[in-house]
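Below is one structure; the comments refer to it alone.
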Amino acid sequence: MRTLFKLRRSTENLIPSTGMKLELSRVIQGGARLGVLQEIGRTRQHSLKVPGCLLYTHFGTVPHLTQDTLQTISTLPSVTQVTLSNIAEHQEVLEEFKEGFKKFAGLHNTVLYCSLHDPATRSPTGYATNKTVSVWGSGGRIELTASKFMVLLKTVKPDWYQSMADGETWPTNTSRKRIRKSVDRTLAYLDECLLVHQKSQDLDGVELFGVVEGGDVMEERERSARETAKRPVAGFCLDGLQTGSVDQALRTQLITSMTKELPEDKPRLLQGVGRPDEVLACVEAGVDLFEGFFPFQVTERGCALCFNYDISPDPERAGRAPQTVLELNEEERSAGGDKQPKGDLNCEDQTQMTSFEMNLKDKRYGDDFKPLVEGCGCYCCRNHQRAYLHHLLVTNELLAGVLLMIHNITHYQNFFGAVREALGADKMDLLKRRVLVESRNSD
Amino acid sequence: MAATVEHVMVSSTPENSMSLKKALSAASPLTLRIIAECPVTKARACDLTLPHCTVNTPVFMPVGTQGTLKGITVDQLESLGCQICLGNTYHLGMRPGPDLIEKAKGLHGFMNWKRNLLTDSGGFQMVSLVELSEVTEEGVNFRSPYDGKEILLSPEKSISIQNSLGSDIMMQLDDVVSSTVKGPRVEEAMHRSIRWLDRCIAANKNPDKQNLFAIIQGGLDAELRKACLKEMTLRDVPGFAIGGLSGGEEKNDFWRMVTLSTDHLPREKPRYLMGVGYAVDLVVCVALGCDMFDCVFPTRTARFGSALVPWGSLQVKQKQYAKDFLPIDPDCNCPTCKRHSRAYLHALFKSDTAAMHHVTIHNIAYQLSLMRSVRQSIIEGRFPEFIRTFMKRMFPSPDDYPGWAVDALASVNVTLD
């Protein structure tokens, strides 16, 4: 029984039922927005501040963490992200379980967002067709039609999900023809998904985001955005701009060309971008939400986020000269063969260490008894020291991943807090200076 | 340093209690209070007071080899009720080394563990890494697997490292010989272990803070064991370990050496049976008079998806659990069982390392809960019943009861149906 009244006409003229509301408190000229995404989740009881990021998980589990270790983090986002690349192969189990993924995974009191791909791993390209896309699970490739996609989603029972999409345009030199095809296909998938969505009681109250494609071609981006905006979607995923696919300058241009065509009152989620410098630029271009996979990538390489995001007007701080780009950073970067300023490092390799982090495997931390980041306040920084983390990494101990994950998520979430604070107080320039130019808090 | 048996205090004014406590702790960093003794078997339930806190025995001590318990934080370990765990002198002595750990305020400071720590001597690695070592009267010559350098682990060096680690209980360096070895080497090792015990005692810089335990050797030879027991119990150490067993020997020989040892060990000092951790072994050896146990098995097997349960073990990664929506053990109260199903864990093993942590937590909870139940049954005078119920649950039928366990229990007056 539908509880919400909907006009049933052609797809293009449907009035969307009430769902998540984006309440903007500030819109900066040129794009950046500050606000809160309200009434998310089927119960409509959750909210998420924007700009913000989602909680990245593998099959509902934040990497390395169990509930106890996860709950030591006080600033957890209210939205948990899962991906079909993890879930698809378990469809049978979920169907037998019947009660949806949240219950299956023991997730309580969170909003479940389901994406197609895992933002931390690059899937192979060349598999999308006019009717299907593919995801890669632990056992190999799984092909999905829009119909199968929707069946799977009905079994997962998320609160919110992205429509099926062909985003295989991220490799450089993708032809314009291929890009146009991805836009067409993605719109076709969207229409199919919408049809099923609206007929399904199982998806009552569940929100659907349209996916905007277009590769690196401005006109295609505009077309995709314009067309997607005509559909009754709750918000927009911006796809095909993952870290490594385009440089930030072009990314900013492409985002701007899309947001021009998108309604102001619906959220924009940028897929596959997580580096702090890129986040800042994309926020300024009008992005509201990011996937929270970057802390995980940093953890996997044995590193801890340590970049500065402090914009508080602390009189004691003002007197202190910010540490200039350290020789230490130079050492590490020259080992990677790259002398560009912070942030523009090596677009190609997502696994390479950035200048926003410290490499705890480095010998210099062997007898460093300071916490990872002074004043961080996370469980790791309150209880452990760099020397211990160094030891855990050198001896390949599992606890390293646990502690680093806790710290990295905390640091990253605090960074988003600083972004919102800066937007609210007109301090974006100061924040950018801290993050992009100044180096670590302490050493 | 003598262990102290607490006697009932006649006058216990605050001043008296304080000064008596002070005197006790100044005199001895270990106090054993026997709470209950089983009238049927040789089992005891005790309170073992060590510098960081009191440990309830019988106790299973999880092993955190390299200063960490395989993916579990110290908070999680504390929440599970763990009062003492192990660190490994050989590994920590190599990496990060005693000097660094001393700078970090000992192993407690380094890992931020506020309760008790027991360190072994590094001796067992002699048996497990035997290609790399050579034993002389001086000590054990190792070739470091990390940098190829030659190291001599002598009794003095082992104690020095353990002094730097600052553990509450230290183990003597013993001349460890595999229990499957026969012949004169066993006797040689037994005598040398006695000499090394004396050297360890002499080398201990912190007798007021760190308890040095002796390790009874003698292989599977009753006479050698008795000789070792006779000699070592003459030394004034706060506790004794039964060593050289749990190494692949026949279980029939194993239990006989355990019970022989406890027969000749002083009642008022703790008995630590090294390397024993399978549930059946724990229950039987408590009946034979042991108080403390350690084993890597529960935590190691967890990482392979093997969950310990009262009826044996459950291989969560097996296909049969893919759609099993029960928790690992419906009666278990651990964080894993309260939130997750076998099916979820089965699937999670394909996606994230946290699956291992869930099972590790469960397995530690299982071991600690088992020992708590054993202890309670001893205190309430129903340990033999407990044993019977335990065995019935663990084995499908009495025909499946391991012969050695039946014999061992019979030797302490417990007959299984």
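Reminder, nothing fancy here: chain letters follow the sequence lines and each chain counts from 1. Computed from a predicted model, the values in this text were never measured in an experiment.
E92(A) contributes atom CD, which lies 15.5 Å from atom CZ of F97(A) (distance to the nearest 0.5 angstrom). Distance CD/E102(B) to CZ/F110(B): 13.5 Å, rounded to 0.5 Å. Considering CE of M164(A) and CG of L84(A), their distance stands at 10.5 Å, rounded to 0.5 Å. Expressed to the nearest 0.5 Å, how far CD1 of I361(B) lies from OG1 of T66(A) amounts to 4.5 Å. Within the model, atoms CE of M353(A) and CE of M358(A) stand 9.0 Å from one another, a figure rounded to the nearest 0.5 Å.
Each of L348(B), I72(B), D99(B), T336(B) has some count of heavy-atom pairs under 4.5 Å with chain A, and the biggest count is that of L348(B). Between chain B and the options T57(A), N383(A), L392(A), heavy-atom pairs under 4.5 Å are most frequent for N383(A). Contact count against chain A (heavy-atom pairs under 4.5 Å) is highest for K350(B) among K338(B), K350(B), M356(B), H346(B). In terms of heavy-atom pairs under 4.5 angstrom with chain A, the leader among S341(B), P335(B), A104(B) is A104(B). Ranked by non-hydrogen atom pairs under 4.5 Å with chain B, the options T72(A), V62(A), V394(A), L65(A) are led by V394(A).
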Would H52(B) and D168(B) count as a side chain to side chain donor-acceptor pair (under 3.5 Å) if you check the C-alpha gap in whole Å, the side-chain angles of each, and the deciding distance to 0.1 Å? CA-CA 8 Å; H52(B) 281 82; D168(B) 303 276; 2.7 Å; yes
Evaluate ring-ring contact (aromatic ring centres under 6.0 Å, His included) for H362(B) paired with H358(B), printing each intermediate quantity in order. CA-CA 6 Å; H362(B) 168 80; H358(B) 285 301; over 10 Å; no
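Q162(A) has its side chain within reach of Y113(A): a pair of non-hydrogen atoms, C-beta onward, lies under 4.5 Å apart.
Using a 4.5 Å cut-off between heavy atoms, L94(A) makes no contact with chain B at all. The contact between F369(A) and chain B is made entirely by side chain atoms (from C-beta outward), counting heavy-atom distances below 4.5 Å. Heavy atoms closer than 4.5 Å to chain B are found in both the backbone and the side chain of H108(A). Only the side chain of V402(A) has a heavy atom closer than 4.5 Å to any heavy atom of chain B. Both the backbone and the side chain of H64(A) come within contact range of chain B, each with at least one heavy atom under 4.5 Å from a heavy atom of that chain. For a residue to count as touching a neighbouring chain, one of its non-hydrogen atoms must lie under 4.5 Å from one of that chain's; by this rule E397(A) touches chain B with the side chain only.
Counting heavy atoms of neighbouring residues, nucleotides and ligands inside a 6.0 Å radius, atom CZ of R303(B) exceeds 12 of them.
A side chain to side chain donor-acceptor pair (under 3.5 Å) with S167(B) is found for one member of T119(B), N116(B), N206(B) and no other, namely T119(B).
Listed by sequence position, Q66(B), G67(B), T68(B) are the residues of residues 59-69 of chain B in contact with chain A, using a 4.5 angstrom heavy-atom cutoff.
Side-chain atoms of R141(A) and S134(A) include a donor-acceptor pair closer than 3.5 Å.
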